Colleague: 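Once you've had a glance at the structure underneath, I'll fire off some questions.
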Amino acid sequence: MVKNQIVTVTIEDIGNDGEGIGKVEGYTLFVKGAIIGDVAKVKVLKAKKTYGYAKVEELITPSPDRVTPRCAVSGRCGGCQMQHLSYEKQLAHKADKVKNCLQRIGGLSEEHLAEVMEPIIGMDEPFHYRNKAQYPVGIGRDGKPVMGFYAGHSHNIIDCADCAIQEPVNAVILPVVKAFIEEYGVSAYDEEKGTGLLRHVLTRVGFHTKEVMVCLIINGKKFPKAEILAERVKTAVEEFGLNADTSCRYTLKSFCLNVNTAKTNVILGNEILPVYGETYITDYIGDIKYQISPLSFYQVNPEQTVKLYNKALEYADLSGGETVWDLYCGIGTISLFLAQKAGQVYGVEIVPQAIEDAKKNAVLNGMTNAEFFAGAAEDVMPAKYRESKGSMRADVICVDPPRKGCEESLLDTIVAMEPERIVYVSCDPATLARDVKYLGEKGYLVKKVCPVDQFAHTGHVETVVLLGNQKTKPDSHIKLSVDMDEFNKVKNGEK
Ligand code: SAH
């Protein structure tokens, strides 16, 4: 295969970035914009020895699972990768991905998986689900400001206010900001030169409270006439709420500035300057209330988060007196959720600000049985275990690590603490499967698996796994084996 070659390919699988995967005489092609079942003429963009990247030139036979994307910019925007695949098939694909990883990397048998895997939990309505948006601001070809989303794998901004997965109220906020900066001649940030004032527009909306936050990320300390803009945004948001189609009472609770003068890809700086209202909004997950600032990590799909946490709570099987550890706890969302049913919960998180938020959220909810520690889980847990001279125990340990999964030193400490149950919440099935395999060798058996879709139209999938202690409660013997070549292939999207 060579660059610019045109070939016909049948798409048989989906890769990690939602791209179609097909084979031509044993050669693997990753095809952007193609989905399982498509037969397409594609043009090779990049050719490696055994695999290459291509784009669709002509759809010969479209897949029966193709749907019309809701977004006009869906082919260009990097936010979604699979809007053109029916939601039902997206879910089936995600469930398969979890199953394949647990089988190939985790070493679980087909029969074991058939027994423990629950159906994937999808969304009732897979649009307008996000409660947080970060719109980059730049200068368009015509010299006018643009705001929207980055195109896939680039920093070109696709101008778009009305995103199909964002909270609908965003669609009225961006045009107000855009018109204002044009009227007052506020400069848009130029990423290459590091000049210009407005870098990003961040919005957050409380799913239950409909409280709205707008935060302008600026390359400076002052934003001209910010109060006037805040007033205009407030009017737009409230009028939108009165509109008969939405009939939600949106209120602008916070309009603030975030100072970021560094020439970096990191979106937010540390300093927040209030302009109107508070510097946080309030929202609920189940019965627990949280205050969320521009800097807080907070799950972005509230409808699915409560389903995910309820699954974690179900697997934790708490009856009231248990000691529970919640590792990688963020702002303590899972910790407080579990604390409703546990004796004592301890949370560990690497970002100190998140731990401050977690402590505040415990107070906000009058919960006294949750304690939080700042630090890396793989440092804090082994250190605490050593300090306790090996006497530290837990009934349930919950982990929710970032994509790279857990360090072995942490898994060893978890095993040494002999919890009855481990609840593993994961955003990456490959590292989940690797860790499940490791825990399996140390006596923890997979009892339940439930994929949850938190990010419709993207390739991401969240999974909750329950592992039970085999030493105290032995179960049927399950053969485990792992092949690292298989692991790396799946991880690199080659499988
Ligand atoms: N459980 C939380 C957050 C999950 S995201 C929730 O549901 O909202 C993963 C979290 O792990 C992030 O908050 C991240 O800051 C934190 N993190 C990353 N590496 C870590 C480490 N080595 N030790 C502890 N926390 C870590």
Side-chain angles (χ1 to χ4, degrees), residues 121 129-132 204 206-207 266-268 270 283-286 288-316 324-340 342 345-362 364-365 370-385 396-414 422-429 431-432 435 450 452-455 460-465:
I121 302 178
Y129 60 80
R130 284 185 63 102
N131 58 7
K132 174 185 168 184
R204 290 190 116 136
F207 181 66
V266 178
I267 296 177
L268 289 159
N270 286 327
D283 202 14
Y284 290 84
I285 302 177
I288 310 279
K289 197 179 189 181
Y290 299 94
Q291 279 183 356
I292 310 146
S293 88
L295 295 166
S296 307
F297 174 87
Y298 190 72
Q299 295 275 354
V300 297
N301 183 338
E303 182 196 331
Q304 292 303 92
T305 299
V306 71
K307 295 180 192 168
L308 182 79
Y309 289 4
N310 273 326
K311 198 39 93 179
L313 188 62
E314 177 193 321
Y315 287 178
V324 179
W325 283 82
D326 175 24
L327 311 179
Y328 311 87
C329 70
I331 60 166
T333 35
I334 295 182
S335 326
L336 297 183
F337 214 74
L338 298 178
Q340 297 174 99
V345 177
Y346 300 101
V348 182
E349 158 66 42
I350 203 163
V351 177
Q353 267 155 342
I355 286 295
E356 289 312 309
D357 283 345
K359 287 178 181 167
K360 273 191 223 149
N361 286 326
L364 190 68
N365 289 282
E371 203 178 322
F372 295 96
F373 306 101
E378 60 275 17
D379 296 337
V380 172
M381 297 306 285
K384 287 205 175 294
Y385 186 73
V396 177
I397 297 182
C398 177
V399 296
D400 184 5
R403 300 197 74 172
K404 69 178 179 11
C406 300
E407 305 253 325
E408 281 185 8
S409 60
L410 173 65
L411 296 177
D412 289 339
T413 307
I414 290 176
I422 299 172
V423 179
Y424 196 131
V425 181
S426 156
C427 55
D428 185 328
T431 55
L432 165 73
D435 291 350
C450 186
V452 183
D453 185 28
Q454 295 271 76
F455 305 101
H460 299 292
V461 57
E462 207 86 1
T463 314
V464 194
V465 172

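Just so you know, ligand 1 is whichever comes first in the structure, and atom 1 is the first atom listed for that ligand. All residue numbers in this chain count up from 1 along the given sequence. All values reported here derive from a predicted model rather than from experimental measurement.
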Colleague: Sequence neighbours left out, what passes side chain to side chain contact (heavy atoms under 4.5 Å, CB included) with D379? Give chain and number order.
Modeller: A376

Colleague: Are the side chains of L327 and I414 in touch, meaning some heavy atoms are under 4.5 Å apart?
Modeller: yes

Colleague: Before accepting this row, confirm whether a basic side-chain N of the pair K307/E303 lies closer than 4.0 Å to the acidic partner's carboxylate O.
Modeller: yes

Colleague: Checking Y309 now: which residues fulfil ring-ring contact (aromatic ring centres under 6.0 Å, His included) with it, not counting sequence neighbours?
Modeller: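 By the ring-ring contact (aromatic ring centres under 6.0 Å, His included) rule, Y309 matches F337.
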
Colleague: Could I get the full list of ring-ring contact (aromatic ring centres under 6.0 Å, His included) partners for F207, not counting sequence neighbours?
Modeller: none

Colleague: Less than 3.5 Å apart, N/O on ligand 1 and N/O on the protein: could you list those pairs with the distances?
Modeller:
{"residue": "ligand 1", "atom": "1 (N)", "partner": "Y328", "partner atom": "O", "Å": "3.1"}
{"residue": "ligand 1", "atom": "1 (N)", "partner": "D400", "partner atom": "OD2", "Å": "2.9"}
{"residue": "ligand 1", "atom": "7 (O)", "partner": "Q299", "partner atom": "NE2", "Å": "2.8"}
{"residue": "ligand 1", "atom": "7 (O)", "partner": "Y309", "partner atom": "OH", "Å": "2.6"}
{"residue": "ligand 1", "atom": "7 (O)", "partner": "D400", "partner atom": "OD2", "Å": "3.2"}
{"residue": "ligand 1", "atom": "8 (O)", "partner": "Q299", "partner atom": "NE2", "Å": "3.4"}
{"residue": "ligand 1", "atom": "8 (O)", "partner": "Y309", "partner atom": "OH", "Å": "3.3"}
{"residue": "ligand 1", "atom": "8 (O)", "partner": "T333", "partner atom": "OG1", "Å": "3.1"}
{"residue": "ligand 1", "atom": "13 (O)", "partner": "E349", "partner atom": "OE1", "Å": "2.7"}
{"residue": "ligand 1", "atom": "13 (O)", "partner": "E349", "partner atom": "OE2", "Å": "3.3"}
{"residue": "ligand 1", "atom": "15 (O)", "partner": "E349", "partner atom": "OE2", "Å": "2.7"}
{"residue": "ligand 1", "atom": "22 (N)", "partner": "E378", "partner atom": "OE1", "Å": "3.0"}
{"residue": "ligand 1", "atom": "22 (N)", "partner": "E378", "partner atom": "OE2", "Å": "3.2"}
{"residue": "ligand 1", "atom": "23 (N)", "partner": "A377", "partner atom": "N", "Å": "2.8"}
{"residue": "ligand 1", "atom": "25 (N)", "partner": "I350", "partner atom": "N", "Å": "3.2"}

Colleague: Evaluate the side-chain proximity of T413 to Y385: yes if any heavy-atom separation is below 4.5 Å, no if none is.
Modeller: yes

